[in-house]
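Labels below follow one simple rule: chain letters A, B, ... track the order of the sequence lines, proteins then strands, and each chain is numbered from 1.
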There are 2 protein chains.
Amino acid sequence: MSTVDRTSPPPHATAGLSIADAAQAVGLSIDTLRYYERDGLMLRPVPRSGGGQRRYEDADLRWVLLVTRLRATGLPIRDVRRYAELVRAGEGNEAERLELLREHRRHVLAQLAEVTEHLGAIDAKIGVYEERVGAASSAPPSSSPSPVSAPVSSPARG
Amino acid sequence: MSTVDRTSPPPHATAGLSIADAAQAVGLSIDTLRYYERDGLMLRPVPRSGGGQRRYEDADLRWVLLVTRLRATGLPIRDVRRYAELVRAGEGNEAERLELLREHRRHVLAQLAEVTEHLGAIDAKIGVYEERVGAASSAPPSSSPSPVSAPVSSPARG
DNA sequence: GCTTGACCTGGAGCGTGCTCCAGGGACGAG
DNA sequence: CTCGTCCCTGGAGCACGCTCCAGGTCAAGC
């Protein structure tokens with residue numbers, strides 16, 4: 001990020017964001033942005049200034065944002081790379097891209113369901129402690145988003 | 001696991017499960033069970049046979065199941081250990097245990113919300129591809145559990 | 001033109017959570 | 001008692017996803 005705090009990019013024809021500004025914009029570290037590029041996660045080499053410094057353009061930023069969504073939902077780096085390769089390869093492999101995304105979607109949904117179920121059990125435990133402790137110290141009596149009441153066999157006095 | 005496939009444990013007074021049977025029962029690997037014990041995640045040293053082999057009893061198995069729930073929802077090993085320490089310390093620190101669980105619950109809920117939001121965006125992308133490809137190859141038109149429609153700025157033609 | 005802060009590359013390092021291995025003892029059916 | 005398994009310990013190794021570093025270049029305000 002340039003030292004001078006320019007909240008908005010230069011008013012004239014913008015040549016793209018520096019890596020620091022891009023990092024700020026997408027919520028990743030500078031190192032991570034470089035790492036993604038090195039590791040083949042980008043759609044194209046990020047454009048450079050005359051002197052070789054990165055200048056992220058809108059398309060690059062939008063792509064990085066998609067990558068962060070995929071990563072944030074647990075898609076491994078290698079699969080993101082695979083997806084990037086497909087997109088890079090151009091039209092004709094849409095079915096393959098679709099299948100990759102659908103597969104990921106299945107995983108995410110399964111993960112959400114599993115976590116929600118476990119959370120239900122943990123909530124039950126919280127309920128027990130709330131009753132045992134008199135304190136309503138913070139937070140209202142717990143209840144999960146979808147309380148998926150699982151058989152909560154109380155675990156060994158814990 | 002004993003070689004002889006005994007689907008149910010010996011009918012007589014059971015002295016606890018071997019580590020292989022315990023692993024099977026809780027869905028973890030043998031190595032992971034040993035690792036958990038070494039790393040201080042257990043409530044007590046797992047009971048041993050005369051010759052020093054582990055014999056998991058009900059209390060141990062129930063505790064391991066709680067640990068798996070905490071791990072499956074993303075609680076780091078170090079925090080599970082902290083929780084185990086509290087329980088081991090005995091009565092009097094229930095408020096602290098409660099706070100630990102509540103804190104974890106907050107994290108899990110935040111995580112669920114974030115993942116769900118990102119999934120909404122990914123779903124939108126899937127929708128685009130489904131339209132672009134003629135194929136309804138598998139799965140009905142996508143839609144998330146809570147479709148939390150986030151502003152889906154389409155990312156750089158991907 | 002100088003200075004100062006930002007950026008570059010290649011490569012090493014690290015935290016997390018297991019997973020594997022060698023060398024040796026325990027168990028139980030026959 | 002003897003096999004064939006299973007289990008033990010201590011410690012090394014590994015996959016993943018960054019994160020940090022050194023040594024050097026670039027950029028822009030004065």
Of A:R38 and B:Q53, whose closest DNA chain D nucleotide lies nearer the 5' terminus?
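In this pair, the answer is B:Q53.
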Position toward the 5' end of DNA chain D (nearest nucleotide), A:S49 or A:D31
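Upstream on the strand: A:D31.
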In whole angstroms, how far is the [atom2] atom of [N] from the [atom1] atom of [X]?
X	N	atom1	atom2	value
B:L33	C:dG17	CG	C1'	14 Å
B:I19	C:dT19	CD1	P	13 Å
B:R48	C:dA26	CZ	P	13 Å
B:E37	C:dT19	CD	C1'	17 Å
B:L28	C:dC18	CG	P	8 Å
B:I77	C:dT16	CD1	P	10 Å
B:D79	C:dG15	CG	C1'	14 Å
A:D39	D:dA15	CG	P	15 Å

All pairs passing side-chain hydrogen bond (donor to acceptor under 3.5 Å, both in side chains) where residues 74-83 of chain A contributes a residue, at least two apart:
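Qualifying pairs, neighbours excluded: A:D39-A:R81, A:R82-A:E96, A:Y83-B:Y129.
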What does [X] touch in the nucleic acid at a heavy-atom separation under 4.0 angstrom: a base, only the sugar-phosphate, or nothing?
X	value
B:R34	base
A:R55	nothing
B:R71	sugar-phosphate

All side-chain contact (heavy atoms from CB on, under 4.5 Å) counterparts of A:R38, not counting sequence neighbours:
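Scan of A:R38 (side-chain contact (heavy atoms from CB on, under 4.5 Å), adjacent residues dropped) gives none.
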Taking OP1 and OP2 of [N], is either one under 4.0 Å from a side-chain nitrogen or oxygen of [X]?
X	N	answer
B:Y36	C:dG17	no
B:T32	C:dT19	yes
A:R54	D:dA27	no
B:S18	D:dC6	no

Let me confirm one number: the CZ-CD1 distance from A:R55 to A:I19, rounded to the nearest 0.5 Å.
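Those atoms lie 10.5 Å apart.
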Enter the distance from B:Q111:CD to B:T116:OG1 here, rounded to the nearest 0.5 Å.
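Separation between the atoms: 9.5 Å.
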Working note: B:R54 + B:D60, criterion salt bridge (Lys or Arg N to Asp or Glu O under 4.0 Å); need CA distance, chi angles, decisive distance, verdict.
CA-CA 11 Å; B:R54 292 177 180 79; B:D60 305 298; over 6 Å; no
So does B:R78 reach the base of C:dG15 with its side chain, donor to acceptor, closer than 3.5 Å?
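Absent.
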5' precedence on DNA chain C between B:G74 and B:G52 (nearest-nucleotide basis):
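Closest to the 5' end, via its nearest nucleotide, is B:G74.
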